[in-house]
Amino acid sequence: MSSNPVAETVASLMPGAQAELTELVAFRSVADFDQYPRSESEGAANWVADALRAEGFQDVALLDTPDGTQSVYGFLPGPEGAKTVLLYAHYDVQPPLDEAAWTTPPFELTERDGRWYGRGAADCKGGFIMHLLALRALKANGGVPVGVKVIVEGSEEQGTGGLERYAEQHPELLTADTIVIGDVGNFRLGLPTVTSTLRGMTLVRVQIDTLEGNLHSGQFGGAAPDALGALIRVLDSLRAEDGSTTIDGLTGDARWEGLQYEEEAFRKDAKVLDGVELIGSGTVADRIWARPAVTVLGIDCPPVVGATPSVQAGARALVSLRVPPGVDAVEASKLLQAHLEARTPWGARVSTEQIGQGQPFRADTSSPAYTAMAEAMAVAYPGEEMQSAGQGGSIPLCNTLASLYPHAEILLIGLSEPQAQIHAANESVSRDELERLSVTEALFLQKYAAS
């Protein structure tokens, strides 16, 4: 990184940032209170609130959102007449899944080979630390030139929409000229990237019942309708032979124009086993950024260990559907539910329930804020130009903010580059990437204030 006062300041702050991220990662802040204590999420929320107060933020508050979680808000006034920028992150995390698959404990930040490992290190507790570093660097180099609002969500990973509903009920709270969502990542480590599109999502639970109770498979199997077998057939109907998503009435042939994702690079990033084919058709970018994608997230059925020779009376599954910009998530959810119900065989009883939803998002990359971000990235990443990429994941809040504040510019950056392995075992953040993106954000705020 070229010599720059902001960059030098951020570099000096990195040891403290590691200590802070260690404290924040230690909270088991999974916003599923059937799995993890509510006190862990409340502890993380209070940690974030205290950090904002320490930076001089005013009106710091824990907002009780309609889904039963808390988002943290604070406001740092800028110079008179200055623009206002909203910075977003979330402190809730995905469960660590199989803790035995982690090389080091998931809630203990551990450094290895220039990366800091721990659940939430990149997604998105590191995003909050990035915001703090940028603001501290500005304070040390002439002051923060804009008004800053910070909102740190407590249930983004659950998709339950608490902050979205709260923002709709209090639209004045998050008004800003520009919004920086710190919850995505560079296309590749060291390649500065803004995310221009996000897929939306819907979550549907499907329940199939066939019998009043389980039956002996030797006595009744072969004629008694098997609910688990029926469910397997229904779920299989969601994919074509090549693995493409096939939901009745939902088109899936859109093309991605722009930065491409080479297949070999994708196979490496996704850690696809040798000899295993990728699914779907078209380019990789088409498949992950421009087309719908269905995933079966879980099935309730007897585990192999301890299974009995029984015909199952009931079975259920949780199905996720990601939808690209141009597709309405509400309509897509209806089509998914209709498909599941229509494809259930043998007259089995079927019910579907939508349990989460968010609309896709497309940014306006021609806006002045994007020009300022490109200039900032050119300094923080010498020799590299800002790239624009899609993102297969969903941040439902983006569409809510775009609807509430149609004149606000929305930019998406963050720490979740492919090596971060967010949502998987051994999630990590690159120390260098955190440093460079903190510099980027600080320089962006300076350049945007002057634009």
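For the numbers below, each heavy atom of this structure counts, side chains included, while hydrogens, waters and symmetry mates do not.
- Between Glu427 and Trp102 there is a side-chain heavy-atom pair separated by less than 4.5 Å.
- Every pair passing ring pair (Phe, Tyr, Trp, His ring centres under 6.0 Å) that includes a residue from residues 228-271 is listed here, sequence neighbours excluded: Phe187-Tyr261, Trp256-Trp289, Tyr261-Phe266.
- Between the Ser217 side chain and the Pro309 main chain, a donor and an acceptor come within less than 3.5 Å of each other.
- The side-chain heavy atoms of Leu404 and Thr175, taken from C-beta on, include no pair separated by under 4.5 Å.
- Side-chain contact between Met201 and Arg199: absent, with no pair of heavy atoms (C-beta onward) separated by less than 4.5 Å.
- Side chains of Asp432 and Ser430: a donor-acceptor N/O pair is absent below 3.5 angstrom, by distance only.
- The shortest side-chain heavy-atom distance between Arg291 and Thr245 does not fall under the 4.5 Å cut-off.
- Heavy atoms of other residues, nucleotides or ligands lying less than 6.0 angstrom from CD of Glu212 number 12 at most.
- One finds a salt bridge joining Arg431 and Glu435 here, because a Lys/Arg side-chain nitrogen approaches an Asp/Glu carboxylate oxygen to under 4.0 Å.
- Atom CD of Glu99 sits in a crowded spot, with more than 12 heavy atoms from other residues, nucleotides or ligands closer than 6.0 Å.
- Contact of the Leu174 side chain with the Tyr88 side chain is not registered, since no non-hydrogen atoms from C-beta on lie closer than 4.5 Å.
- With hydrogens and angles left out, the side-chain atoms of Asp253 and Thr251 include no donor and acceptor closer than 3.5 Å.
- Summarising the geometry of Leu415 relative to Ala420, their closest heavy-atom pair is O-CB, 4.0 Å, with the distance given to 0.1 Å.
- Taking both residues in full, the closest heavy atoms of Asp248 and His339 are given as N-ND1, 3.1 Å, listed atom of the first, atom of the second, then distance.
- Classification of Arg436 and Glu417 as a salt-bridged pair fails, no side-chain N sitting under 4.0 Å from a carboxylate O.
- Atom CD of Glu172 sits in a crowded spot, with more than 12 heavy atoms from other residues, nucleotides or ligands closer than 6.0 Å.
- Listed here is the closest heavy atom pair of Arg362 and Thr197: NH1-CG2, 3.8 Å.
- Here the closest heavy-atom approach between residue Ala89 and residue Gly127 is recorded as CB-C, 4.0 Å.
- No more than 12 heavy atoms of other residues, nucleotides or ligands lie within 6.0 Å of CZ in Arg349, so this atom counts as exposed by the packing criterion.
- Side chain of Asp236 to main chain of Ile232: no donor-acceptor pair is present (N/O by atom type, distance under 3.5 Å, no hydrogens or angles).
- In this model, a donor atom of one side chain and an acceptor atom of the other lie less than 3.5 Å apart for Glu409 and Ser367.
- With a 6.0 Å radius and a threshold of 12 heavy atoms from other residues, nucleotides or ligands, Gln169 has its CD atom above the threshold.
- Residue Pro418 comes nearest to Asn186 through the heavy atom pair CD-O, 3.7 Å, listed as atom of the first residue, atom of the second, then distance.
- Contact of the Phe361 side chain with the Leu412 side chain is registered, since non-hydrogen atoms from C-beta on lie closer than 4.5 Å.
- Side-chain atoms of Arg287 come within 3.5 Å of backbone atoms of Ile279 as a donor-acceptor pair (strictly under, hydrogens ignored).
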task: Apply the test side-chain hydrogen bond (donor to acceptor under 3.5 Å, both in side chains) to residues Thr178 and Tyr448: give CA-CA distance (whole Å), side-chain angles for both, the deciding distance (0.1 Å), then the verdict.
output: CA-CA 9 Å; Thr178 282; Tyr448 177 65; 2.9 Å; yes
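- Using a distance-only test at 3.5 Å, with no hydrogens or angles considered, a donor-acceptor pair links the side chain of Asn426 to the main chain of Ala101.
- Evaluated for a side-chain contact (heavy atoms from CB on, under 4.5 Å) with Ser71, the options Asp92, Leu397, Leu163 yield exactly one hit, Leu163.
- Side-chain atoms of Gln207 do not come within 3.5 Å of backbone N or O of Ser351 as any donor-acceptor pair.
- Residues Arg119 and Gln94 are in side-chain contact: their nearest non-hydrogen atoms beyond the backbone lie under 4.5 Å apart.
- When atom types are taken as modelled, the side chain of Tyr91 and the backbone of Gly120 share no donor-acceptor pair closer than 3.5 angstrom.
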task: Before giving the answer on side-chain hydrogen bond (donor to acceptor under 3.5 Å, both in side chains), spell out for Gln158 and Asp67 the whole-Å C-alpha distance, their side-chain angles and the decisive distance to 0.1 Å.
output: CA-CA 10 Å; Gln158 296 299 311; Asp67 65 352; over 6 Å; no
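- With 3.5 Å as the limit, one finds a donor-acceptor pair spanning the side chains of Thr104 and Arg112.
- A heavy-atom distance below 4.5 Å is not found between the side chains of Pro360 and Leu198.
- Residue Arg188 qualifies as enclosed at atom CZ: its count of foreign heavy atoms under 6.0 Å is above 12.
- Judged by distance alone, with hydrogens and angles left aside, the side-chain atoms of Thr65 form a donor-acceptor pair with the main-chain N or O of Thr69 at under 3.5 Å.
- The nearest pair of heavy atoms linking Ser388 to Thr365 is OG-CG2, 4.2 Å.
- Listed for the Gln357 side chain is no donor-acceptor partner under 3.5 Å among the backbone atoms of Ile355.
- Side-chain polar atoms of Ser237 and Arg343 form no donor-acceptor pair below 3.5 angstrom.
- Distance alone, capped at 3.5 Å, is enough to place a donor-acceptor pair between the Thr110 side chain and the Glu108 backbone.
- In this structure, the separation between CG on Leu109 and CG on Leu24 is 10.0 Å, given to the nearest 0.5 Å.
- Distance CD/Glu168 to OG/Ser403: 8.0 Å, rounded to 0.5 Å.
- Using modelled atom types and a 3.5 Å distance limit, the side chains of Asp177 and His407 yield no donor-acceptor pair.
- Between the side chain of Trp346 and the backbone N or O of Ala230, no donor-acceptor pair lies under 3.5 Å.
- If you check the side chains of Asn214 and Ser310, you find no donor sitting under 3.5 Å from an acceptor.
- How far CZ of Arg316 is from CG of Asp300: 4.5 Å, rounded to the nearest 0.5 Å.
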